[in-house]
Amino acid sequence: MLHFDEITIRTSSRTLVDKVSLNVQPGEWHALVGQSGSGKSLLSRSAGQLLPPGLSAEGSILLEGTDLLGLKRSNLRSLLGRRMSYIFQDYQAAFAPFRTIGQHFREAIATHDKQRLREAPDRTSAALESVGLEGSLASRYPFQLSGGQLQRASIALALLFSPDVLIADEVTTALDSVSGHRVLSLLNRLRLETGCSILFITHDWRHVRRYTDRIAVMKDGRIVESGGTHRVLDHPRHEYTRRLIAAAPVLSRLPSGLQEAQP
Amino acid sequence: MIRLFKQPQTAMRYKLQLGTAVLTAALLLFLYIYTAFVLRHDSTLTNLSIRLQGSSLMHPLGTDHLGRDVLTRLMLGGRQTVGYSLLALAAALLIGTASGMIAGFKGGWLDRIFMRIADGFLAFPDMIVVIVLSGLLGPGLHSMITAIVMVKWVSYARVVRTTVITESRQDYMLAARINGLSPANMLSRHLLPHVAGQVLVLASLDLGKVILLISSLSYIGLGVQPPTPEWGAMLNDSRPYFQLAPQLMLYPGLAIVLLVLSVNMLGDYLRDYFDVKKEVRV
């Protein structure tokens, strides 16, 4: 589905991502874990040619046979948001402050599905309802929505055209743990409904264990270990993976009698 | 002067700002209609037998040194002044906004070229550049407007560019990109609303300056040429008669002050109105 082949990302002086290969299968939930600065986000952004100025990616990224890195901007634009979507940690800023939620949806439909622009209001409410929001929120401005609502709205927008791949970059980091779980179980339900694969960038092991099918662990721009979620979590082979798992806060290891809450 | 009216009671202040601007506009409009449809004097017809007269029913503000009706000339002059100011400002606004947006959005060498040109214009005081350009192109309306546009677009381009650069780094612009929006759409739909408020406010504050600039240029003989009425030119014309008929200088001077003041009030009002951060409008 989405295949990263020997991706190298470098500045003029430093190599930030070093020959990383990663394959996201159709319909699977693939986690990419690693500490801050390991190059996870850069790798995911390179797929949409969204790297900051001054950085360049080498190698090839194939989305069902189409090389994304070699695509012209205009061709890439017709693909972004339609066949490959992103959602980010900072959902607050993901909507333009001067435009209503509905206008954002309408704009996306006008970009990718102009013939059906008339149905935009209906599609917007349907999309908002599919993530558990009221359709009437479409007429609101971003600052009138809560953080959780905005994150759901951004998911609805990202999944509007049932993309093949959704890249979710630390989407739960800014949410409290209850909202985080809600958002992820929502993503999981939508994934099962639409069959899209998810590349999930995170450093929260609880989410990884619960939702993901496979894991790749990144360190200093390289993937040090990858495999099925339970294999990696229960029998980590690489020293770094072991340390990462050990460093994760797990309630059962706390000295007090607190138990991890079951949602 | 304007600071005098700035009370902490914001609602009162808004009303005062808007009220002054609206009242002045209404007064000027009334006087204009009165001169155009009731008095119906010819603004350029000279009649030396009635020169330098005081106020009368036929000539509410008297006549000037060539026997022309002062009120009629004041109103037509106002039309010229305001019209040309708006024209010059609109052109400067358009050029400045477009170049600022392109420079800020594209960046790189295009940005550098635009901004070096802008720096060049900024290095000289407005008035000097305008005078030199008017001098080079010859006195008259066209050169005056060209000169004002050439000086004024720079500040808009600068402001717009800075806003575009800061806003382009915001996540909603990234979000627009990942939704596949074209650069033209991103500029017009996501950045223009951000820029428009700021630039309109800046323009309304600038309108006063441009009115003064046009009047001053006409005053020193580089702007509107006689016998066309214009406030600055009227001031200039009446200089020799200052001791004989001081009201001839007073009226255009007063008109300039009043108009600039009310335009500034309007600018202040607009600035507060567009300031979304000030209050949450639900």
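Every chain is numbered from 1, with letters handed out A, B, ... down the list of sequences.
- Note that the CZ atom of Phe95(A) and the CD atom of Gln170(B) stand 15.0 Å from one another [nearest 0.5 Å].
- Of the two parts of Arg73(A), only the side chain, counted from C-beta on, holds a non-hydrogen atom closer than 4.5 Å to a non-hydrogen atom of chain B.
- With values rounded to the nearest 0.5 angstrom, Tyr86(A) atom OH is found 9.0 Å from Leu174(B) atom CG.
- Across Gln49(A) and Arg177(B), no two heavy atoms sit closer than the pair O-NH2, 3.0 Å.
- More than 12 heavy-atom neighbours from other residues, nucleotides or ligands sit within 6.0 angstrom of CZ on Arg191(A).
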- [ ] Start with the C-alpha distance between His104(A) and Arg189(B), add both sets of side-chain angles, then the distance that settles side-chain contact (heavy atoms from CB on, under 4.5 Å), and finish with yes or no.
- [x] CA-CA 10 Å; His104(A) 284 89; Arg189(B) 294 191 193 154; over 6 Å; no

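- At least one side-chain heavy atom of Arg77(A) sits under 4.5 Å from a side-chain heavy atom of Pro183(B).
- With a 6.0 Å radius and a threshold of 12 heavy atoms from other residues, nucleotides or ligands, Arg99(A) has its CZ atom above the threshold.
- For Gln103(A), no part lies under 4.5 angstrom from a heavy atom of chain B.
- Judged by distance alone, with hydrogens and angles left aside, the side-chain atoms of His112(A) form a donor-acceptor pair with the main-chain N or O of Asn179(B) at under 3.5 Å.
- Within a 6.0 Å sphere centred on CZ of Arg169(B), heavy atoms belonging to other residues, nucleotides or ligands number 12 at most.
- Options Ala158(A), Ser78(A), Ala108(A), Pro97(A) differ in how many heavy-atom pairs under 4.5 Å they form with chain B, and the most are formed by Pro97(A).
- Of the atoms belonging to Arg45(A), it is side-chain heavy atoms, and not backbone ones, that fall under 4.5 Å from chain B.
- Heavy-atom distances place the side chain of Thr111(A), and not its backbone, under 4.5 Å from chain B.
- Within 6.0 Å of the CD atom in Glu119(A), the count of heavy atoms belonging to other residues, nucleotides or ligands exceeds 12.
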